[in-house]
Amino acid sequence: MSTSATATLVALGVNPASELTGTTADQTTGRVLPVRGELADLLPWGGLRRGSTVSVGGSTSLLLALLAGATADGCWAAVVGLPHLGVLAAAELGVAVPRLALVPRPGGEPGAVIAALLDGIDLVAVEVTRSVSPSLARRLSARARQRKAVLLAFGSWPGADVELHVVGTRWEGLGRGHGKLRSQTLTVRVGGRGAAARPRHVELDLVGGGKVVLQGDDWNGAPARKGPTCAS
Amino acid sequence: MRLLMVWCPDWPVIAAAATESLPPHVPAAVAKGNAIVACSAIARAEGVRRGMRKRQAQERCPELKVFEADPTRDARLFEPVAAAVEELAPGIEVVRPGLVAVAAKGPLGYFDGPERAAERVVDHVAHTAGVEAQVGIAEGLFAATLAAHRGVIVPEGGSAEFLAPLGIQELNDPDLVDLLRRLGLRTLGAFAALPERAVADRFGGPAVQAHRRARALEDRPVDKRTPPEDLEVVQQFDPPVERVDQAAFAAKALAERLHAELTAKGFACTRLGIHANTENDEELHRVWRCAEPLTPRGIADRVRWQLDGWLTREALTAGVTTLRLVPEELVDAAALQFGLWGHDQGAERAARALVHVQGLLGPEGVFTAVLGGGRGPEDQIKLVPWGDERTPRHDPAQPWPGRLNGPSPATVKSRSATVVDNAGQDIGVTGRNELTGAPMQFAVNGGPLQDVVAWSGPWPVDERWWEPDTARRAARLQLIAGGTAFLLVREDGEWTVEGMYD
């Protein structure tokens, strides 16, 4: 096959077999956004399926970790609400900060803001507040489905495809008067509809605090390496 | 076209020094990130050079004052200079802050020969704007700029001859210069002597432009497309725009519109006219000229700079009611190979969505974070409104002793805290950096006390101890209570929760 023919197939979402190793077909065609390895177990699709709504409860770290794989792969993410988000922690967990937009104060009617973000951003994380009514939540989930974006609700969300709730956190590394926080073990209750209908509990180790690589280009939001999921 | 070019040497340094009222005898430089991008003549005499790392420059010249690069400041302070040149010769074009071009024929012919005209311009700029300038005259933007750097008036038709002996590095394209050097072409003349066909065949588009420059021709063949009348974009403001940040936001939206309209018709703009009308029926107008076709960001920057210049110089007695962008010179859009984000359509879609949200919430509604140096979790992050320049708060390359290793808190929110020992006594930190007791119980914001399961610290935070005014003596503590890990800081005898590892 000639190079140009391969290039055309890639544009159509078909990839050479050599790139298929270790990932599912859905990931290579871009229907599922990648997540950090240890999180793949939590999600029925091994990643975040475009168009789905995933609710996260009980741990800001887990929410941030879910944004890491896709943004590192070239996707864009936005966080609506959470005005005290630890961006440094996000970076340490692997989030590509230049492609992370923050909307800390979406106002009393966040619906329009969230809808606008779903139009152009691959992953939209939303802090659930009283101004998100159940009917608005359903409309936004439908919008995400239609725009092939992933809606991550931080808080409970009616009709979420997957519900991840952290029921226990254990920190390693700190003793009585010595040591330093090193990693956390989360116990996550996984529930939801369809494939995720039967609730189960998953334990996972989340190691943050990795060295954050700063590059001059990053300040200007230069795109990093791009996987097939987020290349357009 | 024969151009008279007015050049203010080391403009970014002049602008920075003027803003900070730095006396002229102190060596100064401007750095972008960690690299020196401009320095004053005195600094140069001490061995400071462009492209040097900041630290290296400070080693050579310890008293060097280094400013952060700020294109907006450069442009704002340049407006009076541009205005001074315009008083002598209408129809000026700002190439970039520090460099302004005007047609050498026409108004300037009115003076007694080009030498007299050049002298007159230098005098007038010095007198009205209080800035030293140099003037050069030659054919084409490239030759005229080099002539200005040398303060030379090139005789008519002699531009190619003027360029020929100059070094190839004047092309300002490191990759191409490197390649040509390896081919043994060390002067512009040697490069210009190559046949154009051969350059086009071997090196491609950008080299052809460089080749045209080396021959003292305009960058592109003269058949520039005359702009159709209806290509301008207009925006009315009600209420009028009076503040610089409002102007910046308006500039961004208008730039996107103009760019979209041009792209749809297959054009890109190389000369942009910016017109403003105020409530008091004033009318201002300035042309910006660019060697490269303008991207939406490029258009927005120039509009913002210009409005900033007008608003700050008080050239306007009232707010701007109408802003009009008129493309004065167009080239084929094919010349504009990259959009705002190169070929990254995902980024372009994201940018549109974020601008849309800014439309709903205002420019301060959407932020991106920039990571930089610093010790505390909050220090290392700077939030900038979407679309603004992403520069870090502190130099990330510098070492930051006292920085906490390991994971950072996922929630960074300051709240007052209480830490007590088993007798209910407040725990402090001694001058020798030891806790006065073992933490047993902990509360946030005066809430119920919880048992401390684990703790560690204190780690000293000795920030800027060499500057007594801003010095900060504090210590950090990590502890786990009630199932959550916290980061605490002790300062002035008070505990504060800095963040939560939630």
Side-chain angles (χ1 to χ4, degrees), chain A residues 59-61 63-64 74-76 78 82-92 97-107 112-113 116-122 168-169 171 173-184 207-209 212 214 216 218-221 223 226 230-232, chain B residues 33-34 341-342 344-354 356-357 359-361 365-373 377-378 380-381 383 386 389-392 396-397 404-413 435 438-439 452-456 478-480 483-485 487 499-502:
Chain A
S59 168
T60 311
S61 305
L63 179 75
L64 294 176
C75 288
W76 284 73
L82 292 170
H84 304 289
L85 193 73
V87 180
L88 194 58
E92 288 165 353
V97 171
R99 279 186 296 281
L100 177 70
L102 306 171
V103 185
R105 274 165 270 274
V113 170
L117 290 170
L118 288 169
D119 285 351
I121 308 275
D122 305 292
T169 309
W171 272 97
L174 202 63
R176 296 192 65 86
H178 57 87
K180 230 173 226 187
L181 293 175
R182 203 172 48 237
S183 68
Q184 55 181 323
V207 184
V212 179
L214 287 169
D218 274 4
W219 303 343
N220 297 312
K226 283 207 295 185
C230 302
S232 339
Chain B
N34 213 13
W341 303 96
D344 192 344
Q345 285 180 22
E348 218 166 300
R349 266 182 16 171
R352 266 202 300 277
L354 296 176
H356 183 180
V357 174
L360 296 169
L361 298 176
V366 184
F367 295 93
T368 53
V370 192
L371 302 178
E378 217 159 353
Q380 296 172 52
I381 298 292
L383 294 184
W386 170 255
E389 204 183 353
R390 293 170 53 83
T391 47
L404 219 52
N405 294 321
S408 298
T411 300
V412 181
K413 186 182 182 185
L435 292 179
V452 173
V453 177
W455 82 92
S456 189
Q478 283 181 339
L479 66 77
I480 298 179
T484 310
L487 178 65
M500 247 173 14
Y501 298 89
D502 62 333

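All chains are named by letter (A, B, ...) in the order of the sequence lines, taking the proteins before the strands, and each is independently numbered beginning at 1.
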Side-chain ([X]) to main-chain ([Y]) donor-acceptor, under 3.5 angstrom:
X	Y	answer
B:Q478	A:L181	yes
A:S61	B:D502	yes
B:Q380	A:L88	no

Let's test your reading of the structure: which of B:A410, B:A485, B:A353, B:A438 forms the most heavy-atom pairs below 4.5 Å with chain A?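 Result: the option with the highest number of such pairs is B:A410.
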
Can you name the one residue among A:V113, A:L102, A:L117, A:V103 that meets side-chain contact (heavy atoms from CB on, under 4.5 Å) with B:V366?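 Among the candidates, only A:V103 passes.
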
Measure the [atom1]-[atom2] distance between [X] and [Y] for me, rounded to the nearest 0.5 Å.
X	Y	atom1	atom2	result
B:L354	A:D119	CG	CG	11.5 Å
B:R349	A:D122	CZ	CG	6.0 Å
B:F367	A:R105	CZ	CZ	7.5 Å
A:T60	B:M500	OG1	CE	6.5 Å

Taking every non-hydrogen atom, the tightest pair across [X] and [Y]:
X	Y	answer
A:P104	B:G365	CD-O, 4.0 Å
B:L361	A:P106	CD2-O, 3.6 Å
B:V453	A:R176	O-NH1, 3.0 Å
B:S456	A:H178	OG-C, 3.3 Å
A:A89	B:P409	CB-O, 3.4 Å
B:A454	A:L174	CB-O, 3.6 Å

Which bit of [X] comes within less than 4.5 Å of chain A, counting heavy atoms only: side chain, backbone, both or neither?
X	result
B:L435	neither
B:I480	both
B:A369	both

Measuring only between side-chain heavy atoms, which start at C-beta, is B:Y501 closer than 4.5 Å to A:S59?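 A side-chain contact is absent here, since even the closest heavy-atom pair is not under 4.5 Å.
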
